[in-house]
There are 2 protein chains.
Amino acid sequence: MAKRDIEGLDERSRAVLWAIIKSYIESPEPVGSRFLTRRYGFGWSPATIRNIMADLEEMGYLMQPHTSAGRVPTDRGYRYYVESLITERPDEDSSLMEELEREFQSVADDMDRLLGVTTDTLSKISRYLGLGVSPGAEGSVLRQVEFVPYREDRIAVIMVTEEGIIRHKIIKNDYGFSQGDLKQIAGYLNREFAGHTIKEIREHLVNEMISEKRKFDTLVERAMEIYRDFIYEYDSNIFLSGMTRILDLPEFTDLRQIKDLTRTIENKHALVKLIDQIMDSDGLQVVIGMENPVEELQGMSVIASTYSEGDRKAGVIGIIGPRRMNYSSSISLVETAARFLSNLYNEGGEGWKRGK
Amino acid sequence: MAKRDIEGLDERSRAVLWAIIKSYIESPEPVGSRFLTRRYGFGWSPATIRNIMADLEEMGYLMQPHTSAGRVPTDRGYRYYVESLITERPDEDSSLMEELEREFQSVADDMDRLLGVTTDTLSKISRYLGLGVSPGAEGSVLRQVEFVPYREDRIAVIMVTEEGIIRHKIIKNDYGFSQGDLKQIAGYLNREFAGHTIKEIREHLVNEMISEKRKFDTLVERAMEIYRDFIYEYDSNIFLSGMTRILDLPEFTDLRQIKDLTRTIENKHALVKLIDQIMDSDGLQVVIGMENPVEELQGMSVIASTYSEGDRKAGVIGIIGPRRMNYSSSISLVETAARFLSNLYNEGGEGWKRGK
DNA sequence: ATTAGCACTCTATCAAGGTGAGTGCTAAAG
DNA sequence: CTTTAGCACTCACCTTGATAGAGTGCTAAT
């Protein structure tokens, strides 16, 4: 049995675990005792390493794909690595920052587009899958809503949020509102609701409908109805980018996995559980393998962070990659990207400051 | 040598070719002479069939994967099949029509969303990849443009086309236009350009800029500038749907192919050549294998059709599948979908008629 | 013109055997 | 008590060879 103190592993075990994970991250092949001595030249013989590895396996940090293969890190191993073994954590990733600044120049200010580009860039630099989520109903604050009459009997409802997200929908003008009516309605809604989150507005509208149903005159009542129909569809946009990149990784040789992943990407809706979990905690989170609430992603790891507007969590930006992904550099990439997005909201140049 | 008349193949060759393709469509395995006699019980022995097949191969309709395998259709074989051998062509696909009608109820009238749903549905029913392209600059007619002031120094430019497409962009309000200015500008643009295609407007704006640069007062001039910046980004939306479905086909066992296809789907831009080709011809087109101008799709076939608004071709709807796809049913599906979309434009119920 | 017969070709599959990397255990050395 | 050398063992992987099966082309007979 190896020495181990209460808090974790002894120095030797840590060194061996670190070396195994490091090596496995570079190339996904089970690593054996001889290989370790050759490569990292600890002071110990393969036999000693074997003993240590046996202990690590017993403790659940390693596993063998089959009896006579080398060891491979388990989720728990990665977890320990992430928590305790990563040393070099570059504070900021300058190449990403440069790239983002450059992209930012060209993309103007539509938040959805900006988030899309950030996700692409993150994927491009990390060589993994990029994940971006725009603010949802809780995070988005209504800035302005506008009604544009359209064709004979339609209205285009257009909404802009503080975060710079535009959503629109075409709705039937069943009540035959005139242009003037629409203007009045929009004015009312803006006066009443601007500055509130979409979620608050939704709740308000529901209460309104139930408790004070007859209190307002019909124009307003019907306006609310229309707006309610519209606002109920408001939802986050989910961006995923870089599928082709990830298929080039050596572990994606299995059809099964590829199909699962493709399905997940096509049906982004499947990701809500994961996104919720990330939104539940502040800042950066690492989700390794089986820890992932989304079954199809349990063969992978996720590094993601919330970005925020002021003290309100807005959305999520992150990376999805294989379990053996390069955690330290990916973590710094995601941190940088999240900071970039938060900055845009909170201080960002050229009048981007919130008016509130 | 088999008999062949000038126009094509003799009766027997046609029968054999038909049977081979039919069988290969059902399951992608080289089909041999004995199998054919068993299955289709022509009056001839395997040896006779072999002679016929040898002739067909010489003429380029069939090929052998290797010397002692059965035959497989070539692109030319499929082409002949599509042109001359398909008999059953159901005029309308009722299940698709029903599904589309049902979806249509729930999706309201945003053209992009509608096209997306149609593409999904087409994929779902055909079990191949669905392709949808919304009207581009030539096909889209400006209905209305609106400027919504936003934050201190931004303007959200919002445009609605006759086809029911909404596009928006946030632009800097460098000139400090007031709400009144914006209204005036929008009024001017709408008066001047509504009813013209985006392409025409673009060209007009360019000419304007060059030849009559100083003719207008500055307000209008600057408005045009802003609008030009916006309108230059107008482009078709390309929808692709059903990737996971197509991965279930037995031929997609090759990583190489999967990667190519994934790349194509992620970078939809690669499809422009194909889309242009389809837009160049009226109505339905079948593109088989190597005929495809997009290299990554040369292992597949495409059945696609333009849909139209009046006599103007608007966009494209279609199916991408393996070369051995079920041409007859797919053709009828695509025809139905195209008709559905055209109808929505041209006569469709509930006031969908164009105001023009 | 058709077909039966036959030799031939090629793929797919399976079993057998060898190789090499890696292990666990034990006993000796430090 | 810790470390290490030695050794037997396991297992994945590769190569090889043998076999079966499907299909072909050619030729000669019908």
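Sequence lines set the chain letters: A, B, ... in the order given, protein chains first and strands last, and positions in each chain run from 1.
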Length of the line joining [X]:[atom1] and [N]:[atom2], which is rounded to integer Å:
X     : N      : atom1 : atom2 : result
A:M53 : C:dG24 : CE    : P     : 7 Å
B:I20 : D:dG23 : CD1   : P     : 12 Å
B:D55 : D:dG25 : CG    : P     : 10 Å
A:I52 : C:dT23 : CD1   : P     : 12 Å
B:L62 : D:dG23 : CG    : P     : 14 Å
A:Q64 : C:dG22 : CD    : P     : 11 Å
A:L56 : C:dG24 : CG    : P     : 12 Å
A:L36 : C:dG22 : CG    : P     : 9 Å

Sorted by first residue and then second, give each side chain to side chain donor-acceptor pair (under 3.5 Å) pair with at least one member in residues 25-36 of chain B; sequence neighbours left out.
-> B:E26-B:R39, B:S33-B:R50
Counterpart residues, salt bridge (charged side-chain N to carboxylate O under 4.0 Å, His left out), relative to B:R79 (two or more places apart) |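 Partners of B:R79 under the salt bridge (charged side-chain N to carboxylate O under 4.0 Å, His left out) test: B:E83, B:E291.
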Of residues 24-34 of chain B, the positions that come close to DNA chain C - non-hydrogen atoms, cut-off under 4.0 Å | none
Pairs of donor and acceptor atoms involving the side chains of residues 256-266 of chain A, under 3.5 Å and at least two apart or interchain, shall be tabulated with distances.
from	atom 1	to	atom 2	distance (Å)
A:K259	NZ	B:D248	OD1	3.3
A:T262	OG1	A:I258	O	2.6
A:T264	OG1	A:D260	O	2.8
A:E266	OE2	B:G242	N	2.9
A:E266	OE2	B:M243	N	2.5

Is the A:Y24 ring parallel, tilted or perpendicular to the A:Y78 ring (thresholds 30°, 60°)?
-> tilted
Those residues at least two apart in sequence (or on a different chain) that pass side-chain contact (heavy atoms from CB on, under 4.5 Å) with A:S301 are A:I288, A:R323, A:M325, A:Y327
Approximate separation, where rounding is to 0.5 Å, of A:T74 OG1 and A:M290 CE | 11.0 Å
Only one of B:I21, B:I20, B:L17 forms a side chain to side chain contact (heavy atoms under 4.5 Å, CB included) with B:Y81, so which one is it?
-> B:I21
Within a reach of under 6.0 Å around CD of B:E251, are more than 12 heavy atoms found that belong to other residues, nucleotides or ligands?
-> yes
Counting only heavy atoms not in B:R76, do more than 12 fall under 6.0 Å of its CZ?
->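 More than 12 within 6.0 Å, yes.
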For nucleotides 2-19 of chain C, read 5' to 3', which letter fits each nucleotide if B means a protein heavy atom sits under 4.0 Å from the base, S means only the sugar-phosphate is that close, and - means neither?
-> SBBB---BBS--------
Between A:R71 and C:dG24, does any side-chain N or O lie under 4.0 Å from OP1 or OP2?
-> yes
